[in-house]
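Just so it is clear, the structure is predicted and the values come from calculations on it, not from any experiment.
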Amino acid sequence: MAKQQISDADLIDIIDRLDASYDRLSGSGKSTLDKFIEKMEKGFNQKDLTKFLSSMQMDYDRMGTDAKEAFDMLSNAKL
């Protein structure tokens, strides 16, 4: 599946949806999400997004349905 261009507003919405499952994440997943949000504020690229997704993959089963959908959308996103 080809990656889809994502707008800044959509990216923020997706991260908010992931953040809604924050309490369900492991300690490592929480730390990874926190670091990614900090990185978003400073600027990031496709490589950073790929690294984030790889790191968060271990917590996928812990996420709620809405967060899983957001994660899947982010997995197919092109910045």
Can you tell me how far apart [atom1] ([X]) and [atom2] ([Y]) are? Round to the nearest 0.5 Å.
X   : Y   : atom1 : atom2 : answer
K35 : K51 : NZ    : NZ    : 8.5 Å
M73 : D10 : CE    : CG    : 6.0 Å
M56 : L53 : CE    : CG    : 9.0 Å
L49 : L11 : CG    : CG    : 7.5 Å
L33 : I15 : CG    : CD1   : 6.5 Å
D8  : M40 : CG    : CE    : 8.0 Å

Looking only at heavy atoms, which two atoms of [X] and [Y] are closest? And how far apart?
X   : Y   : value
D66 : R17 : OD1-NH2, 2.8 Å
A77 : I6  : CB-CG2, 3.8 Å
M63 : F71 : CE-CD1, 3.8 Å
K39 : F44 : CG-CB, 3.7 Å

Under 3.5 Å: donor-acceptor pair, side chain of [X], backbone of [Y]:
X   : Y   : answer
N45 : D48 : yes
Q46 : L79 : yes
Q57 : F52 : no
T32 : S28 : yes
S54 : T50 : no
N76 : Q4  : no

Task: Set of side-chain contact (heavy atoms from CB on, under 4.5 Å) partners for R24, sequence neighbours left out - done: S21
Task: Minimum side-chain heavy-atom gap L74-L18 below 4.5 Å - done: yes
Open item on the list: Under a 3.5 Å threshold, yes or no: a donor from one side chain and an acceptor from the other, between S75 and D72?
Closed with: no
- [ ] Report yes or no: do M58 and L25 belong to one cluster of Ile/Leu/Val/Met/Phe/Trp/Tyr joined by side chain heavy-atom distances under 4.5 Å?
- [x] no
